[in-house]
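Small disclaimer: the values here were computed from a predicted structure and weren't measured.
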Amino acid sequence: MAELSIVREHALGLAKARKIAFQWAEQAEQEFAMQCNYVQGKHEDEIDFVRSGVKGRLTVTETHFTLHAQLGFLLGALKGTIEAEIVKNLDALLAPPERTRENKKTR
C-alpha cells in the first residue's frame with residue numbers, strides 16, 4: 001500500500017479552518033465519490049474519508065491541516081498524480097481571496 005502524508009500550515013484559526021475543511025469534504029464527495037465522516041472536536045476536527053482503493057483522515061486544527069491516506073494497489077501506481085491533485089485542491093482552498101481589479105488599481 002502506498003501512503004500519502006500532506007501537512008499545510010495556516011493562520012486562519014479553527015473556525016475558518018472548519019469552513020474550509022467542510023468545503024474540502026464536500027468537494028471530495030462530489031468530485032471523487034468519497035464517503036466523508038466529519039467529526040467536530042473542541043480543539044480539532046477530523047474527516048475520515050473512504051472509497052474503493054483509498055482511505056484516510058484529514059485532521060484540522062487552528063494552525064494545521066494534516067492529511068494521511070492509504071492507497072490500494074491500483075491507485076498506489078498513481079500516487080504522484082493523486083498527491084498533486086490533493087495538494088492543488090487544498091492549496092486552492094487555503095489561498096487568500098484575490099483582490100478585485102478595482103482594489104489593485106488604487107494601489
Side-chain angles (χ1 to χ4, degrees):
M1 270 196 185
E3 292 192 20
L4 296 176
S5 184
I6 300 167
V7 178
R8 288 292 182 266
E9 293 182 10
H10 65 82
L12 301 170
L14 189 54
K16 288 182 182 176
R18 279 186 173 134
K19 289 179 184 179
I20 290 173
F22 190 76
Q23 288 176 326
W24 181 90
E26 286 182 327
Q27 185 177 22
E29 288 176 337
Q30 292 172 3
E31 292 183 23
F32 305 109
M34 295 279 186
Q35 292 179 333
C36 295
N37 181 36
Y38 196 113
V39 178
Q40 188 172 318
K42 185 174 181 178
H43 300 289
E44 72 178 28
D45 294 357
E46 292 181 345
I47 302 170
D48 291 318
F49 55 91
V50 65
R51 67 163 275 174
S52 179
V54 180
K55 76 174 188 175
R57 173 176 288 166
L58 176 66
T59 304
V60 181
T61 69
E62 66 181 68
T63 60
H64 288 84
F65 283 81
T66 305
L67 183 137
H68 293 289
Q70 294 178 336
L71 305 177
F73 179 73
L74 294 175
L75 291 179
L78 301 171
K79 177 185 174 186
T81 303
I82 293 168
E83 186 171 17
E85 187 68 20
I86 292 170
V87 166
K88 182 181 88 174
N89 291 345
L90 190 53
D91 286 350
L93 288 170
L94 287 172
E98 240 185 88
R99 287 187 251 151
T100 64
R101 289 182 185 205
E102 288 180 28
N103 286 344
K104 288 180 183 179
K105 288 179 184 177
T106 59
R107 291 186 171 224

Under a 3.5 Å distance rule, please check whether Lys55 uses its side chain to pair with a backbone N or O of Phe49 as donor and acceptor.
no

Under 3.5 Å, side chain of Arg57 to main-chain N/O of Glu46, donor-acceptor pair present?
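Absent.
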
Hey, what do you get for [atom1] ([X]) to [atom2] ([Y]), rounding to the nearest 0.5 Å?
X: Ser5; Y: Leu67; atom1: OG; atom2: CG; value: 8.0 Å
X: Leu90; Y: Gln27; atom1: CG; atom2: CD; value: 9.5 Å
X: Tyr38; Y: Glu29; atom1: OH; atom2: CD; value: 12.0 Å

Taking CZ in Phe32 as the centre, count heavy atoms belonging to other residues, nucleotides or ligands within less than 6.0 Å. Is the count above 12?
yes

Hey, is CD on Gln40 packed in by over 12 heavy atoms from elsewhere, all under 6.0 Å?
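Yes.
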
Check for me, please, whether Leu71 and Met1 land in the same ILVMFWY cluster - side-chain distances under 4.5 Å, paths through other members count.
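No; tracing contacts between hydrophobic side chains, which count when under 4.5 Å, never links both residues.
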
Quick check: is Val50 connected to Ile86 through a chain of hydrophobic side chains (ILVMFWY, heavy atoms under 4.5 Å apart)?
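Ile86 and Val50: separate clusters.
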
Could you name each residue pair satisfying side chain to side chain donor-acceptor pair (under 3.5 Å) that touches residues 9-24, not counting sequence neighbours?
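Every side chain to side chain donor-acceptor pair (under 3.5 Å) pair that includes a residue of residues 9-24, provided the two are not neighbours, is Arg18-Asp45.
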
Glu62: partners by side-chain contact (heavy atoms from CB on, under 4.5 Å), with sequence neighbours left out:
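So Glu62 forms a side-chain contact (heavy atoms from CB on, under 4.5 Å) with Leu14.
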
Does any non-hydrogen side-chain atom of Phe65 lie less than 4.5 Å from one of Val7?
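Of all side-chain heavy-atom pairs linking Phe65 with Val7, none is under 4.5 Å.
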
Do the non-hydrogen side-chain atoms of Leu12 and Leu94 ever get within less than 4.5 Å of each other?
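In contact.
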
May I have the step-by-step check of side-chain contact (heavy atoms from CB on, under 4.5 Å) for Leu4 and Lys79, ending in yes or no?
CA-CA 8 Å; Leu4 296 176; Lys79 177 185 174 186; 3.5 Å; yes

Indicate the atoms forming the closest heavy-atom contact of [X] with [Y], along with that distance.
X: Leu75; Y: Ser52; value: CD1-O, 3.9 Å
X: Ala2; Y: Gly76; value: CB-CA, 3.8 Å
X: Thr61; Y: Ala17; value: O-CB, 3.9 Å

If you apply the rule side-chain contact (heavy atoms from CB on, under 4.5 Å), what do you find for Ile6 with Val87, and how did you get there?
CA-CA 8 Å; Ile6 300 167; Val87 166; 3.8 Å; yes

Arg8 vs Asp91, test: side-chain contact (heavy atoms from CB on, under 4.5 Å). Steps then yes/no.
CA-CA 8 Å; Arg8 288 292 182 266; Asp91 286 350; 2.8 Å; yes

